[in-house]
Amino acid sequence: MPLHVPPAPAPALRSVLAALGSPTAVHEAHTPALRSVQGPMTAELPLPVHVLDRLSVSGHASAGRPPRTRLTGWRFLIRSGDRFVAAADTRLTPDGWAFSHFFEGPYVAATERALRQAESLGKSYQPRLLSVPELYMLTLWLHGAVGADASSGLPAAADLLVPLAPAPPGIAAYRPHPVSELLPVLIHRLTPAAPPVPPSLAAPAA
């Protein structure tokens, strides 16, 4: 089923389009793929980027409630022709949403792959990105409330988290997991004497 991609704040989109139209901004970006593009580029698939506040056994998650999240930006995939070549992040400033930076690398292709995979799950979701900084981990957060305000809200137990590649050791990339299943594993990863990852979550042996 199609994903319900939330609309980005208009100033965020405008700032990215202005950066794409600026030879200086593109030239100064640490993105060789972006600098080598010939022809027009577009900013597509806006995704709100949420950060999962530090997980701990004494936090909300241990009591059966999801930990808090906070919106840190909006990310756009930059398309040239039939492929995505980079991404652009925006951030909230005292004057509103503003362009932050361009980047390329594995998360661009991983995000595109996870979004395509999500479209085949047979259920409608609102796609978001959820970052777990302590584990250097980024996930595609498939929120079941498709009409919700994309700038707020907590991961519901039935929402899905899809780890993007590169995922932390022992966690399989691109395998969707309910929040209620994956979050306890992430909590244990951040506590002493962490137990092994359950077989249902572990990446298959090479």
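Numbering of residues begins at 1 and proceeds along the displayed sequence.
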Notebook entry, point to check: Hey, mind stepping through F84 and E44 against side chain to side chain contact (heavy atoms under 4.5 Å, CB included) and telling me if it holds?
Noted result: CA-CA 9 Å; F84 292 110; E44 302 179 9; 3.8 Å; yes
Next item on the list: Kindly indicate, with the supporting measurements, whether the criterion side chain to side chain contact (heavy atoms under 4.5 Å, CB included) is fulfilled by R75 and T90.
Entry: CA-CA 6 Å; R75 177 169 297 177; T90 62; over 6 Å; no
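One distance of note links CG of L182 with CZ of R189; it measures 9.5 Å at 0.5 Å rounding. Going from atom CZ of R91 over to atom CH2 of W97 covers 10.5 Å, rounded to the nearest 0.5 Å. Rounding to the nearest 0.5 Å places OG1 of T111 at 12.0 Å from CZ of R113. Note that OG of S180 is 9.5 Å distant from CG of L160, once rounded to the nearest 0.5 Å. Separation of atoms CD1 (I78) and OG1 (T31) is listed at 9.5 Å; rounding is to 0.5 Å.
The heavy-atom pair separating A87 from L77 by the smallest distance is CB-CD2, 4.1 Å. Shortest non-hydrogen contact noted between L45 and V5 is CD2-CG2, 4.1 Å. Closest heavy-atom contact between L52 and E134: O-OE1, 4.4 Å. In terms of heavy-atom proximity, A118 sits nearest to L140 at CB-CD2, 4.3 Å. For R128 against H143, the heavy-atom pair with the smallest separation is NH2-CD2, 3.4 Å. Among all heavy-atom pairs drawn from L47 and P127, the shortest one is CD2-O, 3.6 Å.
Residues Y174 and I171 are members of separate hydrophobic clusters, defined by side-chain heavy-atom contacts under 4.5 angstrom among Ile, Leu, Val, Met, Phe, Trp and Tyr. When the side chains of ILVMFWY residues are joined at heavy-atom separations under 4.5 Å, either directly or via intervening members, L138 and F76 end up in two distinct hydrophobic clusters. Under a hydrophobic clustering in which Ile, Leu, Val, Met, Phe, Trp and Tyr are joined whenever their side-chain heavy atoms come within less than 4.5 Å, directly or via other members, F99 and V37 fall into the same cluster. Connection of V146 to L130 is not established within any shared hydrophobic cluster, with ILVMFWY side chains joined at heavy-atom distances below 4.5 Å, either directly or through further cluster members. Linking Ile, Leu, Val, Met, Phe, Trp and Tyr residues whenever their side-chain heavy atoms come within less than 4.5 Å places L3 and Y107 in a single cluster.
With a 4.5 Å cut-off on side-chain heavy atoms, P46 and L13 do not count as touching. T42 has its side chain out of reach of L17: every pair of non-hydrogen atoms, C-beta onward, lies at least 4.5 Å apart. Proximity of P2 to E119: side-chain heavy atoms (C-beta onward) are nowhere separated by under 4.5 Å. Looking only at side-chain heavy atoms (C-beta outward), Q38 and S80 stay at 4.5 Å or farther from each other. Residues L142 and D159 have side chains not in contact (no heavy-atom distance under 4.5 Å, counting atoms from C-beta outward). S15 has its side chain out of reach of W74: every pair of non-hydrogen atoms, C-beta onward, lies at least 4.5 Å apart.
T139 places no side-chain N or O within 3.5 Å of a backbone atom of P163 that could act as its donor or acceptor partner. T72 contributes a side-chain N or O that, together with a main-chain N or O of V49, makes up a donor-acceptor pair within less than 3.5 Å. Remark: side-chain polar atoms of S36 are paired, donor with acceptor, to backbone N or O of P32 under 3.5 angstrom. For H50 (side chain) and A150 (main-chain N/O), a donor-acceptor pair under 3.5 Å exists by modelled atom type. Between the side chain of T69 and the main chain of V51, no donor-acceptor pair closer than 3.5 Å is present. The closest donor-acceptor contact from the side chain of Q126 to the backbone of A148 lies under 3.5 Å.
Note: F103 and H101 have tilted aromatic rings, judged against thresholds of 30 and 60 degrees for the angle between ring planes.
Between the side chains of S151 and D149, at least one donor N or O sits under 3.5 Å from an acceptor N or O.
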